[in-house]
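Inspection log for the structure reproduced underneath, given as structure tokens.
In what follows, chains are A, B, ... by sequence order, proteins preceding strands, each numbered from 1. Reckoned from all heavy atoms, side chains included, excluding hydrogens, waters and symmetry mates.
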Amino acid sequence: MLTYLLKRISTLLLSLWIISVCLFFLQKMATVDVVMLQSKARSNGSFYVHPLAAEKVYRAEAVRLNLDRPLFYFAMKPVMFPDTFYKVQYPEAVKVQKKLLLGTGDWALVQTYFQALTSFYEKVAQTENGPVSIFWKQQLQEMANTSDLSAVKAACQVSDEMREPYIEELRKIEHLLDQLSQETPSFFSWLPSPGWNGFDNQFHRWFSKIIQGDIGISSRDGRPVLDKLKEAIPWTLWVNGLAILLAYMFAMPVGILMAILPKSRWLHWINNFLLALYALPAFWVGSMLLFQATLPEYGFSFFSISGWSNLQREGGFLSQPILFLLQLSLPVFCMAYGLAAYLTSYMQSTFSKVLNEPYMLFAKTKGISKARLYFIHALPNALLPQIVFVAGIIPALITGSVVIEVIFNIPGMGRLFIDSMLSQDFTTVYSFVLLVSVLTAVGLIVSDVLLVVTDPRIRLSRENRNE
Amino acid sequence: MKLKIFFLIVLFLAIFGDWIANEKPVYCQYDGKSYFPLFEVPFVKLGWIDWPAAFQNENWSNIPYEKVVKTLVPYSPETIDRKNLGLKSPFAVQNTNGFWDRHWMGTDRIGRDVLAGWIRGFRLALSIGFLSIFIAGLVGIFMGGLAGFYGNDRFNVPVYKAFVLLFWVIGFVYWMYQGVETNGNNLSVLIWLGIWLLIGALVYALPFMGKSTSLPIDWIISLIIQAIDAIPALFFLLALLPLIKNPTLFHVIILIALIRWTGIARLVRAEFLRIRDLEYIQAAQLLGIKNFLICWKHILPNAMGSVWITFAYSFAGAILLEAYLGYLGIGMPAGTISWGSQMQQVRENPSAWWLAVFPGLAIFLILFSLQKMGEKLESKVS
């Protein structure tokens with residue numbers, strides 16, 4: 001038993017780690033630049049600086065956000081790439097320098113060239129604004145943003161009047177350009193060089209923070225994601241919990257009745273009805289109910305379309321819970337009916353399977369009363385798969401509750417997820433996916449272990465099969 | 001039987017929907033000449049047939065035809081009927097030319113015919129369902145079969161060869177990545193890629209002495225399945241979508257397939273695990289039949305019975321996911337008309353019941369009949 005448990009938990013931890021690695025890289029690949037976003041937020045919405053000055057500003061922001069580190073524990077690059085390539089931060093600069101490096105294969109030279117450009121820019125920036133310096137600022141912007149060496153060279157070759165004040169820098173740059181255009185990467189500089197980045201990398205920081213419970217700060221409004229989640233989770237739990245409870249309360253008696261009662265044509269129709277109920281999309285029913293709720297003459301006046309937050313201000317201490325439950329009634333109904341339909345037919349099939357077991361026949365021939373037969377001997381065995389079943393459908397339930405929450409304006413996890421998605425707040429989105437997957441994985445494992453604990457037959461067969 | 005007829009109707013609507021609901025008339029006489037605008041579009045694009053200038057105009061309903069035979073629903077899904085803007089109910093008085101032009105399912109906020117969009121929805125739902133399940137089925141059967149047939153103890157590889165193989169795969173990915181980075185223009189990278197492929201061929205051909213160990217391939221694949229299954233489907237889909245700058249239908253199909261293959265793989269794995277221990281498989285192995293042939297010819301046909309059932313259920317799941325995406329308005333390419341996107345409009349106008357009832361009915365009927373089919377297949381198998 002213990003070995004089975006340990007095995008299960010270790011694979012679970014491993015798969016969660018894999019998920020978190022994938023989510024981390026997805027977060028990095030998402031099309032929003034967090035550093036740029038923050039810099040813009042700090043400088044009141046505009047991030048326009050000269051590309052040669054941007055690197056400094058950008059890097060300062062990256063240092064503040066702890067993003068000035070290599071991405072992962074190890075990386076594989078061509079030999080010509082330096083280990084410290086991640087230190088170039090500004091996306092435009094990264095693009096240009098990478099291209100130059102791939103074209104020439106000499107990192108030191110590329111660096112000197114960029115330093116020459118930067119020092120030239122600094123000198124231009126220090127001199128007073130005149131036609132000459134403004135002209136060179138523009139030229140430098142073009143020169144910094146292209147990896148086409150001949151274009152840079154053409155940008156340097158202007159009239160002597162313009163060149164005169166900065167002739168030294170220009171000569172240096174032209175010299176470097178000549179050197180750069182002569183070099184090409186050697187055949188062997190394309191060989192891979194695996195590099196170990198150590199533990200001070202972005203993934204390690206992110207992951208250890210998550211383990212400590214700090215899942216990050218929303219890149220949209222600067223609030224901790226955990227606080228947002230704490231507000232949202234109770235709602236989702238209420239809706240899902242009530243729906244599961246209701247579904248079971250319906251499914252147990254009805255399912256058992258259907259299994260006990262003699263088979264007839266009615267049963268066939270009820271089965272069809274249950275199947276239809278299960279296939280009925282909840283978000284369709286939800287939006288139709290919402291339409292009904294807007295019209296008071298249908299008797300739905302207890303439901304407020306604008307959501308719970310408006311109701312919160314009304315009502316006294318006693319009427320609050322009632323209002324709360326009334327507000328949840330429609331979404332819970334939408335979540336519950338499909339589940340109830342499925343559980344009923346599931347209950348029916350498991351119960352009638354148990355009824356056909358030899359030991360039931362034995363108990364029957366012993367002359368045990370029907371109530372005892374059904375509730376003491378059959379029910380516990382039929383309940384077992386039901387328990388496990390719930391854990392298995394939790395992912396599907398959460399998926400369904402996303403849409404229901406959006407329809408009925410419930411501030412739960414699904415709504416939060418969709419809202420952060422629409423506002424491109426990817427820190428929240430990915431931490432969120434990680435959290436939900438941890439919850440579901442733990443739910444699955446708990447149900448599995450429960451099943452094994454309660455039913456020794458399963459344990460034996462699993463241990464034999466080395467799963 | 002009834003199910004078959006229903007599916008045939010759905011398939012017909014999906015394939016010929018654009019000929020049933022189209023603003024271009026089937027036949028018309030204009031300026032003394034006869035045209036078949038519905039069928040002539042590709043020929044006009046090729047330049048084989050010339051249309052009069054009036055046809056180039058976007059609005060087909062205003063052209064003064066001499067004779068005209070319209071399609072069954074004389075609107076395309078995208079046609080904007082300016083005379084019936086702003087949510088005209090099917091029962092309301094509609095400003096149309098005649099009985100034939102009525103909007104039988106009403107119009108939406110910008111005057112598009114709901115029936116035409118509804119018919120287009122069949123094609124979208126079915127193509128997403130079919131293609132994603134096809135891809136998911138391929139991946140799922142391959143992975144599940146691999147895990148189930150070899151298990152943890154039968155995938156025997158010599159230790160050295162396994163290491164070399166791992167190293168080779170990493171290298172291959174590296175060279176491919178470099179090739180993509182340089183757009184395949186770099187001769188050195190291409191030469192290195194060739195060298196690498198040669199090394200692979202040599203390693204494959206050379207006999208390797210040494211101990212064999214079993215690679216726990218079942219464990220590895222089960223781990224991947226477990227990891228994907230831990231993420232609820234919609235979250236998974238929505239987490240992957242922002243990576244794509246301009247999502248197209250193809251992206252959505254691939255992503256849905258990426259989610260749905262695990263269910264198929266789990267079932268295939270279980271079936272393979274069961275069947276590989278049956279006597280006729282052991283007999284086939286003793287006869288020296290190759291593993292691949294055993295899987296393909298002897299195990300897979302036996303396992304397919306229950307795989308078809310998951311196909312039916314996965315199909316339903318894929319259609320539901322597509323409807324969710326349309327309803328939430330995330331991820332589908334802009335301007336796509338689907339059942340979900342029609343129902344989305346109800347959120348802003350709750351009183352427009354016709355925008356919810358008809359698309360929802362279609363989703364419900366398809367899901368129901370798929371469930372019914374799954375149930376029938378199940379009773380057939382058992």
Closest approach of [X] and [Y], non-hydrogen atoms and distance?
X        : Y        : result
B:Gly151 : B:Arg276 : N-NH1, 3.6 Å
B:Asp218 : B:Ala147 : OD1-CB, 3.5 Å
B:Leu87  : B:Ala352 : CD2-CB, 3.7 Å

With a 3.5 Å distance limit and no angle check, can you tell me whether [X] reaches the backbone of [Y] through a side-chain donor-acceptor pair?
X        : Y        : value
A:Trp284 : B:Phe364 : no
B:Trp261 : B:Leu258 : yes
A:Ser189 : A:Met80  : no

For the interface with chain A, which of [options] has the highest count of heavy-atom pairs at distances below 4.5 Å?
options                                : value
B:Val189, B:Val357, B:Ile363, B:Leu367 : B:Val357
B:Leu241, B:Leu238, B:Leu370           : B:Leu238
B:Phe235, B:Trp353, B:Tyr327, B:Phe368 : B:Phe235
B:Leu240, B:Leu223, B:Ile330, B:Ile366 : B:Leu223
B:Asn349, B:Leu321, B:Leu361           : B:Leu361

Please flag which part of [X] lies under 4.5 Å from any non-hydrogen atom of chain B: side chain, backbone, both or neither.
X        : value
A:Phe187 : both
A:Leu434 : neither
A:Leu12  : both
A:Met76  : both
A:Lys99  : neither
A:Ile18  : side chain
A:Ile19  : side chain

Of the backbone (N, CA, C, O) and the side chain (C-beta and beyond), which part of [X] lies under 4.5 Å from a heavy atom of chain A, both, or neither?
X        : result
B:Leu328 : side chain
B:Ile170 : both
B:Ser369 : neither

Which of A:Thr11, A:Leu102, A:Val429 touches chain B most, by non-hydrogen pairs under 4.5 Å: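 Max contact count across the listed options: A:Thr11.
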Best-contacting candidate, A:Gly414, A:Ser287, A:Ala276, against chain B by heavy atom pairs under 4.5 angstrom: A:Ala276
A:Tyr430 and A:Phe426 aromatic ring geometry - parallel, tilted or perpendicular at 30°/60° bounds: tilted
Ring geometry between A:Phe188 and B:Trp192 (parallel below 30°, tilted from 30 to 60°, perpendicular above 60°): perpendicular
Candidate list A:Asn271, A:Ile270, A:Leu274, test side chain to side chain contact (heavy atoms under 4.5 Å, CB included), partner A:Gln348, passing option: A:Asn271
Side chains of B:Asp229 and B:Thr262, donor plus acceptor under 3.5 Å: yes
Side chains of A:Val402 and B:Tyr324 in contact at under 4.5 Å (non-hydrogen atoms):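 No, every pair of side-chain atoms sits at 4.5 Å or beyond.
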